[in-house]
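Before any comments, here is the structure.
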Amino acid sequence: MSRRPIPPHGTYARANGSPGYRPACDCQPCRATRLRVKKRNTVNRQLGRPGLIDATPARRKLEQLQRTMSWEQISAATGCDDCNLRQIVDGARTQIRRGTLARILGVQLESPAPGKYLDATGTRRRIEALRAIGWSARALADASGAGETSIERICLGQPTVRATVAARIATAYMKLHRSPPAPSRSATRARNYAISNGWAPPGAWDDDTIDDPNAQPEFGRELNFHERAELRREEIIHFAWHGDTPEQILARLNGEVSISTVRQIVQDWRTGQKRDRRQVAA
């Protein structure tokens with residue numbers, strides 16, 4: 001079993017030592033480092049700055065770095081001992097120093113090699129979200145260029161996925177997550193299958209957390225009738241603004257409203273006058 005390399009002189013890790021592993025160093029560079037750290041801690045304490053801060057941002061960044069870098073690479077990039085980094089990710093360390101957080105957050109994410117395997121959590125969630133709004137596995141395969149069999153395996157819990165497949169699914173997700181497919185039997189089956197499995201739609205995920213294994217979908221409270229009507233009205237106006245005809249808008253909405261309602265809302269938007277349903281009813 002190979003031993004971890006000893007940190008160079010002048011670093012706090014070498015100056016402070018490690019109990020049970022190596023003694024503190026008393027050379028001139030290490031003494032200067034200990035003095036500098038002690039002075040900095042004194043100043044922070046006098047200014048009311050806590051010496052230790054929450055390690056959650058560091059843990060999240062390390063989890064992202066793990067998908068494309070080894071522990072040795074992360075340790076070299078941050079200048080932190082890999083044992084300490086592992087403790088942050090494992091939750092054994094819940095507080096860290098400001099400098100440690102700054103070094104971890106300062107590491108740039110690397111683009112994974114095409115053949116590298118990544119955690120499949122984010123890819124699976126994107127597939128499930130698209131199927132929840134009606135995109136079938138075959139349709140997703142056509143849109144992304146990924147194999148239909150691969151898509152099904154990911155949905156069944158495959159833990160890892162090739163970087164190329166993850167990138168293709170992510171690209172397809174960005175194109176399709178706001179555009180449900182036209183009404184069809186396959187779209188209905190896809191939605192029903194997603195409902196039976198409890199899959200969250202795109203609106204329940206945030207782009208910043210969809211890849212985080214610890215994140216949970218936010219379904220929010222159920223909208224009342226008037227809120228749903230207003231949301232549907234905004235969607236219709238959005239599609240009309242992009243040049244869609246009432247018939248095309250109806251297809252995008254999967255026939256959830258009548259064509260007469262779509263036409264009326266489009267007309268109101270074009271004329272700048274909103275119809276008062278109470279006057280019409282009277």
Side-chain angles (χ1 to χ4, degrees), residues 67-68 111-213 215-220 228 231-232 234-236 238-259 262:
R67 297 168 187 163
T68 58
S111 299
K116 184 176 180 61
Y117 281 88
L118 308 176
D119 180 80
T121 299
T123 302
R124 180 168 54 256
R125 287 173 176 171
R126 289 180 175 88
I127 294 173
E128 292 173 352
L130 291 176
R131 297 183 75 171
I133 61 173
W135 291 101
S136 65
R138 179 173 297 179
L140 291 179
D142 294 338
S144 65
E148 183 178 353
T149 302
S150 296
I151 291 175
E152 293 288 5
R153 287 176 178 173
I154 294 170
C155 287
L156 291 174
Q158 178 177 297
T160 58
V161 61
R162 283 189 180 274
T164 50
V165 175
R168 290 173 181 174
I169 296 298
T171 301
Y173 179 82
M174 292 302 297
K175 293 180 180 178
L176 304 177
H177 77 288
R178 294 184 182 274
S179 303
S184 65
R185 290 183 178 179
S186 62
T188 300
R189 285 196 298 268
R191 283 194 294 271
N192 291 340
Y193 187 71
I195 292 174
S196 65
N197 284 280
W199 293 345
W205 291 110
D206 188 273
D207 291 340
D208 295 330
T209 59
I210 192 170
D211 292 300
D212 183 359
Q216 296 295 326
E218 297 181 0
F219 292 95
R228 290 196 301 270
L231 180 61
R232 186 65 69 208
E234 292 177 358
E235 289 180 319
I236 292 172
H238 173 76
F239 291 134
W241 186 83
H242 281 280
D244 289 355
T245 66
E247 290 74 17
Q248 291 173 324
I249 295 174
L250 183 66
R252 285 181 177 272
L253 298 178
N254 298 320
E256 295 179 3
V257 295
S258 65
I259 186 64
V262 175

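Numbers here simply count residues along the sequence, with the first being 1. In what follows, every heavy atom counts, from backbone to side chain, and hydrogens, waters and symmetry copies are set aside.
Shown here for L176 and A143, the closest heavy-atom pair between the two residues is CD1-CB, 3.8 Å. Closest of all the heavy-atom pairs between P201 and A132 is CA-CB, 4.0 Å. Of all non-hydrogen atoms in I249 and A240, the two that sit nearest each other are CD1-N, 3.8 Å. Considering every non-hydrogen atom in both V161 and D119, the closest pair reads CG1-O, 4.2 Å.
Counting heavy atoms from C-beta outward, L140 and I127 have side chains that approach closer than 4.5 Å. Within the 4.5 Å cutoff, the side chain of R191 has no heavy atoms near those of the I133 side chain. By the 4.5 Å heavy-atom criterion applied to side chains, Y173 and I210 are counted as neighbours.
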Are L118 and T160 close enough, and set up right, to give a side chain to side chain contact (heavy atoms under 4.5 Å, CB included), and what steps lead you there? CA-CA 5 Å; L118 308 176; T160 58; over 6 Å; no

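No side-chain donor-acceptor contact under 3.5 Å links N197 to the backbone of W199. Between the side chain of W135 and the backbone N or O of A129, no donor-acceptor pair lies under 3.5 Å. Side chain of T209 to main chain of D212: no donor-acceptor pair is present (N/O by atom type, distance under 3.5 Å, no hydrogens or angles).
Under the side chain to side chain donor-acceptor pair (under 3.5 Å) criterion, no residue pair touches residues 140-150, with sequence neighbours excluded. For the salt bridge (charged side-chain N to carboxylate O under 4.0 Å, His left out) condition, the pairs that include at least one residue of residues 125-137, sequence neighbours left out, are R126-D211, R131-E152.
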Could you tabulate the donor-acceptor pairs under 3.5 Å formed by side-chain atoms of residues 180-189, not counting sequence neighbours?
residue: S184; atom: OG; partner: S186; partner atom: OG; Å: 3.1
residue: S184; atom: OG; partner: A187; partner atom: N; Å: 3.2
residue: T188; atom: OG1; partner: S184; partner atom: O; Å: 3.1

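Taking OG1 from T123 and CZ from R168, the interatomic distance works out to 12.5 Å, rounded to the nearest 0.5 Å. If you take CG on L130 and NZ on K175, they are separated by 12.5 Å, rounding to the nearest 0.5 Å.
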